[in-house]
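Residues: numbered from 1 along the sequence shown. Just the heavy atoms: all of them, side chains too, but no hydrogens, waters or symmetry mates, feed the values below. Since this is a predicted model, take the numbers as computed values, not measurements.
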Amino acid sequence: MTQGSTVQGTVAEGYEAVREEFVAFVAGEQPDYEGQLCAYVDGRRVVDLWAGEGVDAGSLYGVFSCTKGAAHLVTALLVQDGTLELDRKVTYYWPEFGVEGKSTLTLRDLLAHRAGLVGTDTGFSPAELADDRALAERLADQRPFWRPGSAFGYHALTMGALTGEVIRRATGHTVQELYEERVRAPYGLDFHLGLPASREPRFRATQSMLPTPAQQAEAELRRTGPHTLPSIARNQHAPVPTDLESLPNDRAVRANGPASVGGVASARGLAGMYAAMISEVDEKAPLLKGDTLAEFGQPHSAGHDLVCRAHAVFGLGFECTAETWHPFLGAGTLGHCGAAGSQAFADPRSGLAYGYTRRRFAYPGGAAPENDRLAAAVHEAALRG
């Protein structure tokens, strides 16, 4: 346990600077800050820290789009097995998908956020957002918002359902079932796509952000109309607009674990999954082979994101984390952030797997700013070896 702060936990020899960085960050935060930081290097846990009243290493948080990392690890495993083929048309697996100009879209382009299916014309109900099958049925009939394959935009609430339906058609199992069988259970990970009722007492409900006046003014300037692509992708045009901040606080979302945003995890769970992806863990070989890691981590969509209205870089289902968030990381780093501020990734070149959670929604969404300094500290220590 560290002294003189609310930070608890341990770091391995050589990672003391990471603890110091986390302590310094927590000291400057609001008194009710809660968060966890965990990292593995070459399959060994080297950082395991947490802070906040009533928090421990087993506390669980809604991790929003970090969920996409788990869903697309399953996808990568199925590609590696030969069950899925990236350059097959989506209609090969899902015939009903091929209407409204979508018949030529490949699985590769779908995974690279190039389908144009960021939402539907009329939006989704809260019940639909908790149900990947319901989302997929709606999206199969939807006309894309741009010509498939011609551009890309972040499929924030729909990517997991689209990928998940391809997986279900190809295997007869949901992505949640396969993740549980092939990833979560074998490694005992506290990263759930469907949180069991028995683990509900460990869940810490997401708290709304507390923006400063300057941040609130900036948010007002960035506000978009209800029928713009950003608003459609966030389901803001629906009869009941989605309150993203409270999404994981809905038991139906936690119980079903929709594969875009419904995951619940600890930092140990996030980092542990990415460690298993790239390293030997518990005497088990890495889940992904080098060729698979390179394929899924290679940039496939880079440039202007039509939804985020900013520069972005995506691999296949994963963010290219070095190009999008942390430029000090190695080429081929793949992962995914989450809207409340969580971050998770694997850097195969350094052997680093990183996980971070926080309870209060960070402004303005995506990986919270503190990840820059925390991830840099871990990466520097890993390189010193």
Side-chain angles (χ1 to χ4, degrees), residues 36-40 61-77 110-113 118 152-164 175-176 179 183-184 189 191-193 233 244 247-248 257-267 269-278 287-288 292-293 295-302 305 307-308 310 312-326 329-330 332-348 352-358 362 365-368 371-372 374-375:
Q36 303 163 321
L37 174 65
C38 184
Y40 287 70
Y61 298 89
V63 293
F64 295 87
S65 287
C66 286
T67 311
K68 295 180 177 74
H72 292 103
L73 171 55
V74 173
T75 309
L77 287 168
L110 177 69
L111 293 170
H113 292 266
V118 297
F152 76 98
Y154 183 42
H155 289 54
L157 298 177
T158 60
M159 176 56 73
L162 291 165
T163 305
V175 66
Q176 291 85 356
Y179 171 74
V183 181
R184 198 214 64 78
L189 298 174
F191 184 179
H192 303 270
L193 269 62
L244 184 62
L247 200 61
S260 290
V261 293
V264 175
S266 66
L270 293 174
M273 187 194 80
Y274 279 97
M277 184 188 301
I278 65 169
L287 286 169
L288 297 185
T292 310
L293 281 168
E295 185 77 77
F296 275 73
Q298 183 182 46
H300 281 70
S301 293
D305 182 313
V307 171
C308 297
V313 185
F314 289 102
L316 296 179
F318 296 92
E319 291 177 319
C320 293
T321 307
E323 290 75 17
T324 303
W325 295 106
H326 310 307
L329 295 172
T333 298
L334 68 173
H336 220 292
C337 69
S342 53
Q343 174 67 297
F345 61 78
D347 178 352
L352 170 61
Y354 175 95
Y356 175 74
T357 63
R358 57 176 288 150
N371 283 287
D372 289 332
L374 298 175

Shortest non-hydrogen contact from [X] toward [Y]:
X      : Y      : result
Gln36  : Ala267 : OE1-N, 2.9 Å
Ala70  : Tyr179 : CB-CE1, 3.7 Å
Trp325 : Ala367 : CH2-N, 3.5 Å
Gly315 : Cys320 : N-SG, 3.4 Å
Val118 : Gly153 : CG1-O, 4.2 Å
Ala156 : Ser260 : O-CB, 3.6 Å

Derivation of the side chain to side chain contact (heavy atoms under 4.5 Å, CB included) call for Ile278 and Leu352: CA-CA 9 Å; Ile278 65 169; Leu352 170 61; over 6 Å; no
Side chain to side chain contact (heavy atoms under 4.5 Å, CB included) between Phe314 and Asp305, worked out: CA-CA 10 Å; Phe314 289 102; Asp305 182 313; 3.6 Å; yes
Under the ring-ring contact (aromatic ring centres under 6.0 Å, His included) criterion, do His113 and Tyr154 qualify, and how do the steps go? CA-CA 6 Å; His113 292 266; Tyr154 183 42; 5.4 Å; yes
Hey, which of Thr75, Thr292, Leu111, Leu334 is the one that makes side-chain contact (heavy atoms from CB on, under 4.5 Å) with Leu316? Leu111
Any donor-acceptor N/O pair, [X] side chain to [Y] backbone, under 3.5 Å:
X      : Y      : answer
Asp347 : Leu329 : no
Thr333 : Gly330 : yes
Glu323 : Pro299 : no
Ser301 : Ala112 : yes

In Å, rounded to the nearest 0.5 Å, how long is the span from [atom1] of [X] to [atom2] of [Y]?
X      : Y      : atom1 : atom2 : value
Leu287 : Tyr274 : CG    : OH    : 12.5 Å
Phe64  : Thr357 : CZ    : OG1   : 12.0 Å
Tyr61  : Tyr356 : OH    : OH    : 9.5 Å

Please enumerate all residues that pass salt bridge (Lys or Arg N to Asp or Glu O under 4.0 Å) together with Arg184, with sequence neighbours excluded. Glu180
Among all residues two or more places apart in sequence or in another chain, which pass the salt bridge (Lys or Arg N to Asp or Glu O under 4.0 Å) test with Glu295? Arg108
Are a donor atom and an acceptor atom from the side chains of Asn371 and Tyr354 found within less than 3.5 Å of each other? yes
Within the structure provided, determine whether Leu293 and Met277 are in side-chain contact (heavy-atom separation under 4.5 Å). yes
Might you work through the side chain to side chain contact (heavy atoms under 4.5 Å, CB included) test for His336 and Thr321, ending with a clear yes or no? CA-CA 7 Å; His336 220 292; Thr321 307; over 6 Å; no
In chain order, what residues pass the side-chain hydrogen bond (donor to acceptor under 3.5 Å, both in side chains) check against His326, with sequence neighbours excluded? Gln343, Asp372
Kindly indicate, with the supporting measurements, whether the criterion side chain to side chain contact (heavy atoms under 4.5 Å, CB included) is fulfilled by Glu319 and Lys68. CA-CA 9 Å; Glu319 291 177 319; Lys68 295 180 177 74; over 6 Å; no
